[in-house]
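All heavy atoms count here, side chains included; hydrogens, waters and symmetry mates do not. Counting convention: from 1, in listed order, for ligands and their atoms alike.
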Amino acid sequence: MKRLASKFVATAATATLALGLAACSGSGAGGGTDEGTAGGDAESTAPEDITVGVAMPTETSERWIADGDAVKSGLEEAGFSVDLQFANDDIPTQQQQIEQMVTRGADILIVASIDGTALAPQLQAASEQGIPVIAYDRLINDTEFVDFYVTFDNFQVGVEQATSLLKGLGLKDADGNDTDEAGPFNVELFAGSLDDNNAHFFWNGAMETLKPFIDSGKIAVKSGQTDIEQAATLRWSQEAAQTRMENLLTSTYGGGSEQLDGVLSPFDGISRGVITALQNAGFGPSLADGLPVVTGQDAEIASVKLINDGVQFSTIFKDTRKLAAQAVTAAKAFAAGETPEANDTETYDNGVKVVPSYLLDVDVVVKDNIQELLIDSGYWTQDQLDRGQA
Ligand code: BGC
């Protein structure tokens, strides 16, 4: 386990990290050592002598397990050693895990944060060791010590969620054009966890799309809860979402006896909590029997089954294999002393700087394209879909 990053930062005249990875193998068993004191050139380093610390938020959602697995295997294929940790959605646990990665000698960090504003001291410590930090999926805020960001187009996720809600209600046609439908449709709105930067992008994309329909009266949010603070779901919790939906039904929909047509949900776990509350109140049980149109995100297998069964209307598919591959590409670039290639250098201001980013596209999943997008691509198997379990 070596401190290649610190060695190079400490000795290189430039600010650029040069781990000297590419040239490397065979320069002595075990590769470089911690000998980098003053001066001297970078010693070539075998990939297996570079450790990448990978901090993931939680194993309670499939997507993060898939992300963790895909990042780990991609890094290992590239020859790196990997220190992968999940933090049970607990901020102090994640802080401690990152501290330990740094102490144990990680050379590069890939971090999917729980609270995007809670990692500044840990990342400063990483920076002092010259460790490049790649923010994974979620931006890390309020620190200069984040070097690159790999993610999906998060604003577009919100646009697509809202657009699919409008299609499900019949306010837009399959091509995305407005229909003659006048409504009004009763809709309630859910947002993600306020400490996750993405939650704001999803919300903003969705609300920009829904606003004209709310303004024209085609959509009514009868609870009046149209601020993200009112709609937020701490830690994206399914249980919290179910409770809020139950409360909304009691306060605004006569406990389920009054019409509710749609629910904007930013995450499949939230969608399932919402659907449970709706079904318990007598809606549905499926879309064909009047269950409101509920959106989602992540193409979690339990929700894909619900979509296939005509219960949940849609989800957003973010191919975690592609995101993991981008993170690995960025790690390889840092390891070679290069700057990873960004395709967005404007959008993601973390409060201290604009973080160069690589954004990936997303797909909307509805019942008709499950086969093509999720089964044919190998993301889920038919058997997993049938069982609704990974
Ligand atoms: C991710 C979403 C996910 C949510 C809850 C967000 O940061 O971008 O894909 O649904 O966290 O885990």
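Annotation: salt bridge (Lys or Arg N to Asp or Glu O under 4.0 Å) contacts of Arg63 (sequence neighbours excluded): Asp67, Asp137.
Nearest protein neighbour of atom 1 (C) of ligand 1, counting heavy atoms only, is Asp137 OD2, 3.2 Å. Here the protein heavy atom with the shortest distance to atom 3 (C) of ligand 1 is Asp298 OD2, 3.2 Å. When hydrogens are left out, the protein atom nearest atom 11 (O) of ligand 1 is Arg138 NH2, 2.8 Å; that is the closest non-hydrogen contact. Here the heavy atom of the protein found nearest to atom 2 (C) of ligand 1 is Lys318 NZ, 3.5 Å.
For a threshold of 3.5 Å applied to N or O pairs, the pair formed by Ser61 and ligand 1 contains no separation below that value.
Here is the list of ligand 1 atoms found below 4.0 Å of a heavy atom in Phe267: 10 (O). Within ligand 1, counting atoms from 1 as listed, the ones closer than 4.0 Å to a heavy atom of Asp196 are 6 (C), 7 (O), 11 (O). Atoms of ligand 1 found under 4.0 Å from any heavy atom of Gln297 (numbered from 1 in listed order, with element): 2 (C), 9 (O), 10 (O). Ligand-side atoms of ligand 1 in range of Arg63: 1 (C), 2 (C), 8 (O), 9 (O), range being under 4.0 angstrom from any heavy atom.
Proximity of Gln225 to Leu248: side-chain heavy atoms (C-beta onward) are separated by under 4.5 Å at one or more points. Between Leu119 and Ser113 the shortest side-chain heavy-atom distance falls below 4.5 Å.
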Determine, step by step, whether Val304 and Leu385 satisfy the side chain to side chain contact (heavy atoms under 4.5 Å, CB included) criterion, reporting the C-alpha distance in whole Å, the side-chain angles of both residues, the deciding distance to 0.1 Å, and the verdict. CA-CA 7 Å; Val304 178; Leu385 175 59; 3.6 Å; yes
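The closest approach between a heavy atom of Trp64 and any atom of ligand 1 is below 4.0 Å.
The same ILVMFWY cluster, assembled from side-chain heavy atoms under 4.5 Å apart, contains both Ile270 and Val364.
Under 4.0 angstrom from ligand 1, the non-hydrogen atoms of Phe202 all belong to its side chain.
Taking the centre of each ring, Phe148 and Tyr136 stay at or above the 6.0 Å mark. The ring of Tyr358 has its center no closer than 6.0 angstrom to the ring center of Tyr149.
Sorted by first and then second residue, the pairs that involve residues 358-383 and meet salt bridge (Lys or Arg N to Asp or Glu O under 4.0 Å), not counting sequence neighbours, are Asp383-Arg387.
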